[in-house]
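These numbers come from a predicted model, not from an experiment. The sequence lines fix the lettering, A, B, ..., with proteins before strands; numbering per chain opens at 1.
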Amino acid sequence: MNQQQTFDFGWGEMLDKEKEVKAKEAVEKVVKKKKAAKPMTREEMLTKWKEILSNPKNSAKDQERLKETFEAWKAEEIFPQTPKLSKAEALRMYARLAEMRKGEKLRKMVEETPDNYHLIQNEEQLDWVCELWDEEQEAVGLDTETDGLDIVHGSNKMVGLSISFPTKDQHVYIPVRHDEGVQLSPEYVMQKLKRFIADKHKPKVLHNARFDAHVFSMEGVRLRGIKMDTMIAMWVLNENEASYRLKDLANKYAKFLGVKAENDTFDQLFGKNTPFNQVGLKYALVYAAKDTALTVKLANFIDQQLNRKELKKIRSLYYELENPLLDVCIDMEEAGFLLNHDKVDSIREELYKDKEELEAKLIAEFGDINFNSPQQLQEVLYDVKKYPDVSGKRSTDKQTLKKLAEQFKPVQLLLDYRKATKLLSSFIDKLPVLVKSTGRVYGQFVQNATATGRFASKEPNLQQLPPKARTIFKAPNGFVIIGSDFSQIEPRVLAHITGDEELRKPYKEGYDLYSTLAARTFKVPIEECGDGSKYRKMMKVGLLAVMYGTSMFTLANQLEITVEEAAKFIDDFYDAYPKVEEWIRSIHQQVKRDEYVETMFGRKRRFPNHKQYAEVYDELAAEICRRLGTKRLPSNIWDNEFKDVLPYDLKRRFQNVKGKVERVRRQAVNAIIQGSAADIMKRAMLNLSELAYKYADEGWKVLATVHDEALLEVPATITKEQTEEIEAAMTGAATLEVPLKVDVAFMREWGNETKKNEWFAAA
DNA sequence: CGGCTGGGCCAC
DNA sequence: AAACGTGGCCCAGCCG
């Protein structure tokens with residue numbers, strides 16, 4: 001009773017205070033406005049400037065802009081348009097200043113247009129371009145300009161294209177859909193240029209060719225003969241590049257390309273959201289032709305780098321794997337996934353019903369708050385309901401809520417609500433909006449987005465659909481989606497790479513991996529480690545922990561055992577499979593020495609500056625072990641039992657590098673395993689793509705890859721032999737010391753699997 | 001209103 | 001003092 005009263009009082013008081021503050025703020029606002037109405041004198045403004053500039057809260061970027069604007073103001077280059085001066089107003093001044101200077105830049109650019117840049121506006125000029133292209137022996141630079149990014153059956157179109165001919169050093173821009181100016185029609189231009197663009201023997205270099213390929217596709221021409229995509233090649237060369245935008249690369253490597261490091265992006269020159277069709281032709285020429293000229297230079301630079309003998313493996317990785325894979329990527333993006341509208345409707349109806357019911361119950365239980373707000377949820381759970389803070393961070397994530405739900409039933413409602421709303425907001429309500437006139441959703445597969453070599457997918461990300469969301473995609477009538485996935489690819493790579501014969505055994509002899517591992521590690525009969533047994537379950541988590549470098553703390557948490565038990569578990573595993581630990585340690589040594597690691601197919605992941613930290617780490621770790629008289633680091637150096645043996649300063653210095661070094665070590669080990677698996681998958685994708693071309697007449701398409709799985713769309717009449725060809729395409733991707741295994745499933749709707757033998761039994 | 005960050009969560 | 005690798009994306013909340 002007493003507590004209740006106190007609580008009510010506190011709450012009410014808080015509300016009153018909030019009101020008071022708001023009222024005060026409102027008054028202040030009015031006062032400020034009145035003040036601002038009077039024009040400021042120059043002295044007043046100077047004072048204000050100093051005040052604004054001395055605000056320590058300004059971001060570095062803002063501060064730079066403010067200073068620049070202040071200088072311009074002092075030089076009377078710009079005047080404030082309103083009589084008041086504030087940080088916001090100063091930043092607006094900066095925008096106007098930038099606008100003014102941008103205009104200057106553009107004017108200057110046009111004035112300095114090189115005389116080997118040509119605007120192509122009539123048939124005669126286009127004939128000249130064709131002549132140039134006929135005579136060209138080198139790879140031309142090619143680029144398209146569009147009025148937006150929605151290009152695969154979307155709303156945006158090619159506005160013009162630029163071509164650089166390196167032999168004669170001539171650069172052209174061909175406008176076709178600009179708002180103003182003399183232009184040839186896109187149909188005419190494409191008709192004339194098709195024989196070059198579609199010719200695989202006419203080499204081209206592009207920056208982000210995937211994009212241009214789609215643009216050309218929508219004009220009815222398939223881009224062939226991509227000799228190099230400088231964006232992807234640059235990524236293979238250096239996966240740590242801060243930006244892969246052409247202008248950023250050109251500026252960064254300017255001196256190697258023999259250009260000035262003054263290449264502005266489109267946004268910087270023309271302003272954000274300016275559609276290219278509104279750009280005047282003479283501006284378009286100098287901007288677009290420069291792009292292809294830069295691309296040619298960048299391509300030459302990259303190829304030179306790839307010729308270095310220490311990059312031999314990288315060279316073949318690019319030219320023999322990544323570059324041909326670009327075509328597969330383009331195919332996948334143009335294939336798309338067919339949406340089943342009826343299925344969307346039924347799932348949506350069901351989920352909305354769930355959501356509403358849950359909402360009603362939640363409001364009754366927790367009050368009318370926004371259950372998607374961690375902030376509001378925190379208050380209700382920990383202040384109002386006074387639930388125990390099991391995470392120690394007032395966390396409201398799934399793991400925490402799960403724990404709370406054991407004790408407090410209504411918390412389960414929150415978990416259910418999250419699940420339903422996540423499914424709705426991210427997938428069921430989102431994907432149908434993206435459907436094009438073809439009835440399909442087209443996601444992107446990005447080749448240069450990961451540090452390990454995997455594909456990434458976006459807009460929408462087709463690699464993160466939960467099982468339920470997958471079912472809204474279907475095969476067209478008479479077709480079936482085939483899911484072909486590598487079984488346990490990463491453990492197999494581990495078995496191959498570590499050279500551990502015991503680890504290879506289950507694969508060679510056809511036993512279940514996890515059961516075998518569990519029996520050996522826990523020293524129990526294999527009969528006790530069958531499917532669903534606790535040993536097998538633990539082993540699955542344990543092996544993942546080994547490959548990801550999970551700490552004993554986290555592993556203990558996951559398995560709901562003590563840290564000591566977790567450490568014993570992993571020790572026992574290493575005892576049973578000593579080569580695994582040996583290999584991991586050798587990788588730690590290697591990454592310390594080389595600052596990079598390599599996958600099976602020579603893909604590199606670099607860790608710049610790791611060496612210096614690793615040296616400190618190893619030194620201090622040795623010192624700690626020496627003082628403790630142990631061989632291995634303790635899991636917690638801060639433990640009280642070491643208080644007298646380990647000086648604080650030693651612990652502090654070690655702590656400084658510990659996180660950094662151990663993170664790199666985990667990443668290095670994982671990059672080899674995950675990256676090798678990615679290499680294998682990419683090689684498989686090439687094989688599958690060839691197969692799809694072989695059966696192109698029947699309508700075969702490669703739809704997607706989800707890391708260890710490939711998806712194809714094929715006629716439902718597919719034969720057993722053809723299915724075996726798919727399997728062979730995958731297993732033939734690499735020869736390992738253990739066999740590769742592939743599981744094939746048949747799906748009328750994605751995710752709804754029929755196994756191979758059932759499928760053919762039914763047919 | 002758009003950009004950004006943090007918390008959270010989906011996939012492999 | 002911090003605890004598992006690779007990604008993309010949603011919402012809330014804040015800022016200018």
Checklist entry - With sugar-phosphate meaning primed atoms plus P, OP1 and OP2, does A:K651 contact a base, only sugar-phosphate, or nothing at under 4.0 Å between heavy atoms? => result nothing
Checklist entry - Are any of A:T452's side-chain N or O atoms less than 4.0 Å away from OP1 or OP2 of C:dG5? => result no
Checklist entry - Whole-Å distance between C:dA1 P and A:F642 CZ? => result 17 Å
Checklist entry - When the distance from CG of A:N370 to P of B:dG6 is rounded to whole Å, what number comes out? => result 20 Å
Checklist outcome for this item: Walking DNA chain C from its 5' end, the first of A:N372 and A:G549 to be reached, judged by nearest nucleotide, is A:G549
Checklist entry - Base, sugar-phosphate, or nothing: which does A:A451 touch, judged by heavy atoms less than 4.0 Å apart? => result sugar-phosphate
Checklist entry - Which whole number of Å gives the distance between the C1' atom of C:dA1 and that of B:dG8? => result 24 Å
Checklist entry - Looking for any heavy atom pair under 4.0 Å, which part of the strands does A:K658 touch: base, sugar-phosphate only, or nothing? => result nothing
Checklist outcome for this item: Atom CZ of A:F654 and atom C1' of C:dA1 are separated, to the nearest Å, by 12 Å
Item to check | Ionic contact status for A:R418 with A:D416, cut-off 4.0 Å | outcome: no
Checklist entry - Nearest-Å distance, NZ (A:K393) to P (C:dA1)? => result 15 Å
Next on the checklist: Using whole Å, what does the distance between atom C1' of nucleotide C:dG7 and atom CG of A:N448 come to?
Outcome noted: 13 Å
Checklist entry - So, is A:N461 close to the C:dC9 phosphate, meaning a side-chain N or O under 4.0 Å from OP1 or OP2? => result no
Next on the checklist: It should be established whether A:R470 places a side-chain nitrogen or oxygen under 4.0 Å from OP1 or OP2 of nucleotide B:dC12.
Outcome noted: yes
Checklist entry - Quick one: the side chain of A:K422 and the base of B:dC9, do they pair up donor-acceptor inside 3.5 Å? => result yes
Next on the checklist: Need one value for A:R605: base, sugar-phosphate or nothing, where a base atom within 4.0 Å counts as base even if backbone is also close, heavy atoms only.
Outcome noted: sugar-phosphate
Checklist entry - Which is true for A:E459 with a 4.0 Å heavy-atom rule: it touches a base, it touches only sugar-phosphate, or it touches nothing? => result sugar-phosphate
Checklist entry - Pick one: which of A:L381, A:V380, A:T400 meets side chain to side chain contact (heavy atoms under 4.5 Å, CB included) with A:Y387? => result A:L381
Checklist outcome for this item: Taken to the nearest whole Å, CZ/A:R652 to C1'/C:dA1 is 13 Å
Checklist entry - Just checking A:R666: base, sugar-phosphate only, or nothing, at a heavy-atom cut-off of under 4.0 Å? => result sugar-phosphate
Next on the checklist: How many whole angstroms separate atom CG of A:L646 from atom C1' of C:dA1?
Outcome noted: 14 Å
Checklist entry - Thinking salt bridges, do A:R683 and A:D679 make one under a 4.0 Å N-O criterion? => result no
Item to check | Within the 6.0 Å centroid threshold, strictly below: A:F573 and A:Y577 | outcome: yes
Next on the checklist: So A:K458, base contact, sugar-phosphate only, or nothing? Heavy-atom distance under 4.0 Å.
Outcome noted: sugar-phosphate
Item to check | Interatomic distance where CD belongs to A:E564 and P belongs to C:dA3 [whole Å] | outcome: 19 Å
Checklist entry - Knowing that exactly one of A:L413, A:T396, A:I363 qualifies, which makes a side chain to side chain contact (heavy atoms under 4.5 Å, CB included) with A:F371? => result A:I363
Checklist entry - Would one find a side-chain N or O of A:Q376 under 4.0 angstrom from OP1 or OP2 of C:dG13? => result yes
Checklist entry - Is any side-chain N or O of A:S395 closer than 4.0 Å to OP1 or OP2 of B:dG7? => result no
Next on the checklist: Base, sugar-phosphate or nothing for A:S635? Non-hydrogen atoms, less than 4.0 Å.
Outcome noted: nothing
Checklist entry - More 5' along DNA chain C: A:N636 or A:Q667, using each one's nearest nucleotide? => result A:N636
Next on the checklist: Cation-pi check for A:F427 against A:K468: NZ or CZ below 6.0 Å from the six-membered ring centre and within 45 degrees of the axis, yes or no?
Outcome noted: no
Next on the checklist: Whether A:S425 contacts C:dC9 is assessed here as follows: a side-chain N or O lying under 4.0 Å from the phosphate OP1 or OP2. Is that the case?
Outcome noted: no
Next on the checklist: Using a distance-only criterion (donor-acceptor N/O pair, under 3.5 Å, no hydrogens), is the base of B:dC9 paired with the side chain of A:R418?
Outcome noted: no
